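The structure appears below as structure tokens.
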2 protein chains.
Amino acid sequence: MKKVTIKDVAKHAGVSIGTVSKVLNDKGYVSSGIYSRVTEAISELNYQVNANARSLKASKTNKVGVIVQDISNPYMMSIAKTIEDKIRPSHYHMLVMSHNEDPHTERELLQLILEQRVDGLVLVPTSGNADMIQKVLDHKIPVILVDRKVEGITTDYIVDDNYYGSYESIAYLHSLGHRRIGVIYGTTNSSIGKERYEGAVDALKHFACSNDEALLVSGKFKAEDAYKATIELLFLPDPPTAIYCCNNTMTVGMLKAIQEQAWRFPEDISIISYGDVNQWELIQPPLTLMTQPLKRIGVEAAIILKNRLTMEEPFPPKQIVIKPELLVRASCARRPEGE
Amino acid sequence: MKKVTIKDVAKHAGVSIGTVSKVLNDKGYVSSGIYSRVTEAISELNYQVNANARSLKASKTNKVGVIVQDISNPYMMSIAKTIEDKIRPSHYHMLVMSHNEDPHTERELLQLILEQRVDGLVLVPTSGNADMIQKVLDHKIPVILVDRKVEGITTDYIVDDNYYGSYESIAYLHSLGHRRIGVIYGTTNSSIGKERYEGAVDALKHFACSNDEALLVSGKFKAEDAYKATIELLFLPDPPTAIYCCNNTMTVGMLKAIQEQAWRFPEDISIISYGDVNQWELIQPPLTLMTQPLKRIGVEAAIILKNRLTMEEPFPPKQIVIKPELLVRASCARRPEGE
DNA sequence: TAATGGCTGTGAAACGTTTTACTATGTTTT
DNA sequence: AAAACATAGTAAAACGTTTCACAGCCATTA
């Protein structure tokens, strides 16, 4: 089957190219006779408009870029899904890609985004490409940061209040009487990791909990490292009575270690995690959680994006910080005071 | 910042457009002096080539479409990730979208794919758009079906042997001595649902298990319906000694019901599921599973796609059927024979 | 009757590239 | 010194659209 262009349709219908275009876009005056002649020709020739040519002419692509750490991460993709649902009715579609937490990869992807002339970008940034992000903004492409912000960049973002979430998690454990609290943190080179770490540390200090350095261990945001970190905590001469784990991925590792060592929670140890609630459906007893409102993040991001895409007038950057909420379930036990 | 085109670069560097193009594509003869003048102009003006114009000229977009049920489904997206990793080195990128199991939506997406002139398509099809898929193929766009095939369409596909997987699951339960086996199946209007259903039913018949109709219940491929289905099974006057659940999503519902009713497995009831192994990391005791080789599906799909994209000569459709493997763990118990 | 105005359709320019055929230089080779 | 060749750069066509200015026509209106 040969490639068929608007020209072929025009010839086949015996009209000019301009007329066919009018029919395609329902613009201007076309008599009903001609109109049906053209639509007939279109379906007979099985013509499909070439979106590339169209975008070129219009300098508008109806594409938005979505760059996340990892497209197989269901939390990020649930946000992407929300966005998809919001923008598809206006005939936008998404380019989605993973930077795998590698700034160099992210840089290449941003380059691609620029070349592709997307109409907007939703980005979960690594740190270290502020210049490139600024470049995208300079090209008048709206950028919406999700989950993390970037130092020195003024644009829309939507993040949750990590410091607060961590602080309150510790506060809760303290309120139950815990004084020796283990913390499995991620890394401190990302804004999220740092904020959660600091929130926890500040709370520990404020509530005068044990300042035993051995209680602070890094799980590097990975399940395996968190597993090892947990083992360390459990085998301490004086193990913690509670553990706060800074994110869900690491919590998987932590739970594995606890299961394996046949500790029970909350009887032997109290645990609390920080993240999305959906991951833990089948875990018994149900985990007490500082809940990250993923649904809400997706919805807000989608709204902002939609507005950026459709509003004529630019509006000031929308920067949203969502406070996570403590979901008290059954994984933390009260501890006799004064111990 | 104004839009800057190849023309501006040419002017700024004092050369012709053609020369700039040569530099951009490293093609033809350019003296080193001119070359650096041009690259300098490019970075001074912050020029980015317009991929749309380029695609238009080349009639090649470096885009591939990826259409799945739901982009927030981690199993599908782990396949997508494998594909991404494989094709990005050759500077391809992906349009990804969800049809939500709705044929009408799928049709619209296929239309979009056609207009976008993608260079290839990876599709988890619904049933009911064979004509449209054929249209895509007619436009010389390679289509790779994943997880499901489509009646009447000759193209690459890669699926697992659902009938076999179901049959063998039942066979395994039978070999442990089970005779009253409950089956939670999905729906029978999709090829997967049908094949799994038939595999199970045929095995039940072949091994002369109980043919009590009440033991066959539909969970409609949803967790909630599977929950209800499980409750029905458990409250039967003569409940099954084992349950085979046809997919992971439904198994979530099944496990919930079992937990809630405080049945223990494998002591009170044996259970076996069909799906990807990664979902069940933390479930104790570890589930016995007919494992769907998602990794392998992704890898094979990526290889086929890559070949279709790069090979000059067309090759015959590659149709792969993968046999799932039984992973025996701890959720099934031996049953005294003859009961 | 002449002027106005609403329809209907057309031709050509423009969007930003790549590519092809061509010209203009040296530099060797005979 | 002429012929041959390698190198360097250019102008223009083409890719498939949309849009804009215009022209033809018919029906009103003055």
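Every value quoted in this text rests on a predicted model; they were computed, and no experiment measured them. Quick note on labels: first sequence line is chain A, next is B, and so on, each numbered from 1.
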Inset, instruction - Measure the spacing between CG of Asn73(B) and CD of Gln69(B) and express it to the nearest 0.5 Å. - result: 5.5 Å
Distance-only polar pair, side chains of [X] and [Y], donor-acceptor under 3.5 Å:
| X | Y | value |
| --- | --- | --- |
| Thr19(B) | Ser16(B) | yes |
| Glu106(A) | Thr126(A) | yes |
| Ser98(B) | Asn100(B) | no |

Is the side chain of [X] donor-acceptor paired with the backbone N or O of [Y] at a distance under 3.5 Å, no angle test?
| X | Y | answer |
| --- | --- | --- |
| Asp160(B) | Ile322(B) | no |
| Ser21(B) | Ile17(B) | no |
| His99(A) | Val124(A) | yes |

Provide, to the nearest angstrom, the distance between the [atom1] atom belonging to [X] and the [atom2] atom belonging to [N].
| X | N | atom1 | atom2 | result |
| --- | --- | --- | --- | --- |
| Lys60(B) | dG16(D) | NZ | C1' | 19 Å |
| Arg37(A) | dT10(C) | CZ | C1' | 14 Å |
| Leu45(A) | dG16(D) | CG | P | 14 Å |
| Asn25(A) | dG16(D) | CG | P | 17 Å |
| Glu115(B) | dT17(D) | CD | C1' | 13 Å |
| Arg54(B) | dG16(C) | CZ | C1' | 11 Å |

Inset, instruction - For residues Pro74(B) and Ser72(B), report the shortest heavy-atom separation together with the two atoms involved. - result: CD-O, 3.2 Å
Inset, instruction - Can you pull out how bent the helix from dT1(C)-dA30(D) to dT30(C)-dA1(D) is, comparing the axes over its first five and last five pairs, to 10°? - result: 50°
Legend entry - Non-hydrogen side-chain atoms of Glu40(B) and His12(B) separated by less than 4.5 Å: no
Inset, instruction - Treat primed atoms plus P, OP1 and OP2 as sugar-phosphate and everything else as base, then score nucleotides 4-15 of chain D 5' to 3': B for base contact with protein heavy atoms under 4.0 Å, S for sugar-phosphate contact only, - for none. - result: ---SBBB---BB
Legend entry - side-chain N/O Asn52(B) vs dG16(C) OP1/OP2, d < 4.0 Å: no
Legend entry - Under-4.0 Å side-chain N/O to phosphate OP1/OP2 contact, Lys27(B) with dT19(C): yes
